[in-house]
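In what follows, every chain begins at residue 1, and chains take the letters A, B, ... in the order their sequences are listed.
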2 protein chains.
Amino acid sequence: MNEHPLRKQIEEIVKLNDTEFDFVLEHFQKKSFKKHQIVLHEGDYAHFEFFVVKGLMRVSRLDFDGKEHILQFGMENWWITDAEAFHHKTKSTLIVDCLEDTETLSLTLENKEKLSSELPKMRDFFLKKTTNGYIALQKRILCFLSSNANDRYHNLITLYPGLIQRVPKAMIASYLGVTRETLSRLSKTEA
Amino acid sequence: MNEHPLRKQIEEIVKLNDTEFDFVLEHFQKKSFKKHQIVLHEGDYAHFEFFVVKGLMRVSRLDFDGKEHILQFGMENWWITDAEAFHHKTKSTLIVDCLEDTETLSLTLENKEKLSSELPKMRDFFLKKTTNGYIALQKRILCFLSSNANDRYHNLITLYPGLIQRVPKAMIASYLGVTRETLSRLSKTEA
DNA sequence: CCAAATCTTTGACAAATGTCCTGTTGGGCC
DNA sequence: GGCCCAACAGGACATTTGTCAAAGATTTGG
């Protein structure tokens, strides 16, 4: 079955008929980006939330010292944006860019709200996704509270095994909150 | 004006008339707990989400080594529960207890969903609150990624100045992901 | 008001992680 | 093919944080 990935994700939560899904899709714009392309610059307004159809994106912040900290990766079927800038209509403090050539479906806040009102089950969907995202972030925080670099690394591997193959270890380190040197040394510390 | 704290919070997002707010309130149960009382044990089902009217609660996890890690505090007007156990109807991996005598308004998942359906603006409210919670957790993660213990501590002080007066520093340390000894040594490291 | 319990601070040392540096590898590009 | 650059590993040392132990300080309850 050649179902659309967005439809598949929505239907894990609420059922849609063909007409409804077409209606949903009308609220999105297809946008494609190239590897290394910056999709949202720091200081810009975050006009879109991106559903990644194909490719790999990243949300990060640049330190005062120029160090970059990766808040989130976004592979296929993930939603990516600077959540605060997007929802509060403020200027972004984060950077969104592409680690691979990427195809997205892009949603403006206006269309997200419109869609939620016009098709109430989509608000159910967004609430459920946001709740699950909240729970995932809580788990990541618990990981910071209770685990050292090694455990956090292995937790990440089991959580997203595909990710490790696609991004340089220096970025994994940045996501884990350690230096690449520390990450590099982990492998041999263990048996 | 002697407005109900829950109503005040809801009306920051969606407007309610008196009848509607009474209707909202019918979905909650008043529950009071004493200091040190455990409201949700590890392994139990999380039947409620708590809106803290008065007092101070805490969500934490017990380590394999017996160390406790504090995921969240909940003062007045905060919502508290084991989010995963509550929303997924699974057994709790976290502990919810009270650091002070506490009065809450408690909401079951069934009533939350009922309320969301019967009064659609309440789903708007819950979505908005959850989104803001998500953004707050992202900020906390960025803090772990880019700040040392000292900066995290001072960030917490500016974020929740009232909290420091009400909870022992050992718990602040646990929330920040450091030992109390480390936290204790921070004050003098700086000017 | 006292005694017990809890909380905080401090010291000495160990472990984890960061910083700076060098060298090697391997793939992309002209 | 050869050059370049990004990625990775590793050494040497500094800094931060954890661990264990003990002593003060504060709060709590009778």
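- If you measure from atom CZ of R166(B) to atom C1' of dT6(C), you get 19 Å, rounded to the nearest angstrom.
- Within 3.5 Å, a donor on the side chain of R185(B) pairs with an acceptor on the base of dT19(D), or the reverse.
- Straight-line distance from the CG atom of N148(A) to the C1' atom of dT19(D): 15 Å, rounded to whole Å.
- Hydrophobic clustering of Ile, Leu, Val, Met, Phe, Trp and Tyr side chains at less than 4.5 Å, counting indirect connections, unites I157(A) with V167(A).
- Between the P atom of dA16(C) and the CG atom of L183(A) lies a distance of 16 Å, rounded to the nearest Å.
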Inset, instruction - Would you please test W79(A) and Q9(A) for side chain to side chain donor-acceptor pair (under 3.5 Å) and show each step? - result: CA-CA 11 Å; W79(A) 294 82; Q9(A) 179 174 113; 2.5 Å; yes

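- Of the two residues near DNA chain D, E181(A) and A149(B), the one whose nearest nucleotide lies more 5' is E181(A).
- Look at CG on D63(B): it is 14 Å from C1' on dG18(D), rounded to the nearest Å.
- OP1 or OP2 of dG18(D) has at least one side-chain nitrogen or oxygen of T179(B) nearer than 4.0 Å.
- Here the P atom of nucleotide dT16(D) and the CG atom of D151(B) are 11 Å apart, to the nearest Å.
- Regarding L186(A), its CG atom lies at a distance of 14 Å from the P atom of dC8(D), rounded to whole Å.
- Among the nucleotides dT8(C), dC8(D), dG18(D), the one closest to the side chain of V178(B) is dG18(D).
- Classification of the H27(A)-F23(A) ring pair by plane angle, with boundaries at 30° and 60°, yields perpendicular.
- In this model, the phosphate group of dT17(C) is not approached by any side-chain N or O of T182(A) to a distance below 4.0 Å at OP1 or OP2.
- At whole-Å resolution of the value, CD in Q165(B) and P in dT26(D) are 16 Å apart.
- Across all strands shown, R180(B) has heavy atoms under 4.0 Å from base atoms, whether or not it also approaches the sugar-phosphate.
- Checked against the 6.0 Å centroid threshold, F48(A) and F86(A) do not count as a close aromatic pair.
- Relative ring orientation between W78(A) and Y160(A) is described as perpendicular, the plane-to-plane angle rising above 60° on a 0-90° scale split at 30° and 60°.
- Taking atom CD1 of I164(A) as the reference point, atom P of dC8(D) lies 11 Å away to the nearest angstrom.
- Under 4.0 angstrom from either OP1 or OP2 of dT19(D) there lies at least one side-chain N or O belonging to K67(B).
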